Amino acid sequence: MGNIAAFYDIDGTLFREALSIELLKKLYRNQIVPEYKWYNEMKPIYDKWVNREVSYDEYIERLSKIYQDSIVGINSGVIQFLAQQVIKEKGERLYRYTKNRLRWHKEQGHKIIIISGSSYDLASLLGQKLGADDVRGTIFLTDPNSQTYTGEIIPMWDKQSKQNALNYFVNKYDIDLEESYAYG
């Protein structure tokens, strides 16, 4: 018999909204994302999602593409700093149910693992705040010399990527999936 784990998604499961949109708002407010991008690209898809005119998958895929395009050439330290601010300012906006379940799982000694389509920068910071044992998120690649974002990604929002992450954690922590939990 292996270890028991509780697997969590972030956006809409633990976090009441989307961490990525909070980071995009921060990029806009700090003039890293130009004003026209916010009004012409980000706000329209956000409004459509809020009004349930597009699916969450359409919304998050479009949002991720906007984020991906917006950070090309930006130093990773800037994004990490803003991600820390987002978690500091918004990190308590958690659903009561999943927050209580997280507490219960910790009391039981279960592994807490986050697998999220949010950027790894955000997911890892929230994971640290919540005491997660491990985290996977979308990786936005940087140039090894300049530490600026290249526009290339390793996504974590699709079914196959999440399945691969799950398999990795099962092996890494000797997890018994029959006894484990998933929240998404």
Side-chain angles (χ1 to χ4, degrees), residues 7-52 54-95 98-99 102 112-132 134-143 146-158 161-162 165 183-184:
F7 295 93
Y8 284 89
D9 183 31
I10 292 178
D11 297 325
T13 301
L14 271 169
F15 191 70
R16 295 181 69 182
E17 297 176 34
L19 275 178
S20 300
I21 192 75
E22 296 301 329
L23 183 55
L24 276 169
K25 287 177 186 176
K26 183 83 57 192
L27 290 168
Y28 163 69
R29 288 186 197 114
N30 285 277
Q31 299 177 354
I32 294 167
V33 171
E35 187 173 340
Y36 75 87
K37 259 197 190 268
W38 173 257
Y39 287 106
N40 295 343
E41 297 179 39
M42 295 185 326
K43 189 171 182 334
I45 193 69
Y46 176 73
D47 290 343
K48 284 182 178 183
W49 176 70
V50 166
N51 294 325
R52 302 302 188 251
V54 296
S55 71
Y56 181 76
D57 288 342
E58 290 174 85
Y59 161 68
I60 202 67
E61 191 168 315
R62 182 69 186 125
L63 186 72
S64 294
K65 181 66 175 146
I66 293 167
Y67 177 78
Q68 181 181 354
D69 293 344
S70 297
I71 65 171
V72 171
I74 295 175
N75 185 280
S76 61
V78 171
I79 301 301
Q80 290 165 2
F81 173 76
L82 294 175
Q84 289 171 346
Q85 287 186 329
V86 167
I87 298 303
K88 183 179 178 183
E89 295 168 8
K90 311 285 182 166
E92 297 298 323
R93 291 186 180 179
L94 305 174
Y95 281 110
T98 47
K99 184 178 178 179
L102 183 76
I112 306 297
I113 299 173
I114 294 173
I115 303 174
S116 175
S118 286
S119 76
Y120 179 76
D121 292 330
L122 286 167
S124 65
L125 289 169
L126 186 62
Q128 287 173 2
K129 180 178 181 62
L130 299 175
D134 221 326
V135 175
R136 281 289 185 277
T138 296
I139 297 172
F140 293 83
L141 300 174
T142 57
D143 178 284
S146 65
Q147 294 304 305
T148 59
Y149 290 99
T150 64
E152 297 174 89
I153 63 167
I154 301 172
M156 190 51 65
W157 58 75
D158 60 286
S161 295
K162 287 191 175 192
Y183 302 89

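Source: prediction; values computed, not measured.
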- What's the spacing between S20 OG and D121 CG if we round to 0.5 Å? 10.5 Å

- Apply salt bridge (charged side-chain N to carboxylate O under 4.0 Å, His left out) to the pair K48 and E58, showing each step before the final yes or no. CA-CA 10 Å; K48 284 182 178 183; E58 290 174 85; over 6 Å; no

- Note, R16 side chain near L94 side chain (heavy atom, < 4.5 Å): no

- Query: Between E22 (side chain) and V86 (backbone), is there a donor-acceptor pair under 3.5 Å?
  - Reply: no

- Heavy atoms only: give me the nearest S70-K37 pair and the separation to one decimal. OG-CD, 3.4 Å

- Query: What's the shortest heavy-atom distance between V135 and S124, and which atoms?
  - Reply: CG1-N, 3.8 Å

- Query: Between I87 and L19, is a side chain to side chain contact (heavy atoms under 4.5 Å, CB included) present by the stated rule, with each step listed?
  - Reply: CA-CA 8 Å; I87 298 303; L19 275 178; 3.9 Å; yes

- Go through the steps to decide whether I139 and I153 satisfy the test side chain to side chain contact (heavy atoms under 4.5 Å, CB included), and finish with yes or no. CA-CA 6 Å; I139 297 172; I153 63 167; over 6 Å; no

- Query: Under 3.5 Å, is there a donor-acceptor pair between the side chain of Y36 and the main chain of E41?
  - Reply: no

- Message: I want to check something: taking the side chain as every heavy atom from C-beta on, are L130 and I112 in contact at a cut-off of under 4.5 Å?
- Response: no

- Look up atom CD1 in I45 and atom NZ in K65, then write down how far apart they are to the nearest 0.5 Å. 14.5 Å

- Task: Give a yes or no on whether a salt bridge exists between K26 and E89, defined as a side-chain N under 4.0 angstrom from a carboxylate O.
- Result: yes

- Determine the minimum heavy-atom distance between L24 and M42, stating which atoms define it. CD2-SD, 3.5 Å

- Query: Taking the side chain from S118 and the backbone from A123, do they hold a donor-acceptor pair closer than 3.5 Å?
  - Reply: no

- Message: Are Y67 and I79 packed together at the side-chain level, in the sense that at least one heavy-atom pair is separated by less than 4.5 angstrom?
- Response: yes

- Mind checking the CD1-OG spacing from I10 to S119? Nearest 0.5 Å is all I need. 8.5 Å

- Message: Could you walk me through whether L27 and I71 satisfy the side chain to side chain contact (heavy atoms under 4.5 Å, CB included) test, starting with their C-alpha distance in whole Å, then the side-chain angles of each, then the deciding distance to 0.1 Å, before giving a yes or no?
- Response: CA-CA 9 Å; L27 290 168; I71 65 171; 4.1 Å; yes

- Carefully, step by step, assess D9 and Y183 under the rule side chain to side chain contact (heavy atoms under 4.5 Å, CB included). CA-CA 6 Å; D9 183 31; Y183 302 89; over 6 Å; no

- Would you call E152 and Q68 a side-chain contact if the rule is heavy atoms closer than 4.5 Å? no

- Message: I want to check something: taking the side chain as every heavy atom from C-beta on, are T98 and Y8 in contact at a cut-off of under 4.5 Å?
- Response: yes

- CG (D11) and CG (L122) are apart, to the nearest 0.5 Å, by 8.5 Å

- Item | Student check: side-chain heavy atoms of L126 and Q128 closer than 4.5 Å | no

- Does any non-hydrogen side-chain atom of T138 lie less than 4.5 Å from one of I154? no

- Query: Within 45° of the ring axis of Y28 and under 6.0 Å from its six-membered ring centre, is that where the NZ or CZ of K43 lies?
  - Reply: no

- Give a yes or no on whether a salt bridge exists between D158 and K162, defined as a side-chain N under 4.0 angstrom from a carboxylate O. no

- Message: I'd like to check V72 versus Y149 (side-chain heavy atoms, cut-off strictly below 4.5 Å). Are they in contact?
- Response: no

- Query: Of the non-hydrogen atoms in A132 and I114, which two are nearest, and what is the gap between them?
  - Reply: CB-CD1, 4.0 Å

- Message: Main chain of I32, side chain of N30: is a donor-acceptor contact present, judged purely on distance under 3.5 Å?
- Response: no

- Identify the heavy atoms of T142 and S76 that sit nearest to each other, and give their distance. CG2-CB, 3.9 Å

- Message: Looking at every heavy atom in both G137 and M156, which two are closest together, and how far apart are they?
- Response: C-CB, 3.5 Å

- Message: One pair to check against ring-ring contact (aromatic ring centres under 6.0 Å, His included): F140 and Y120. What are the steps and the verdict?
- Response: CA-CA 8 Å; F140 293 83; Y120 179 76; over 10 Å; no

- With rounding to the nearest 0.5 Å, note down the distance linking OG in S116 to CZ in F15. 11.0 Å

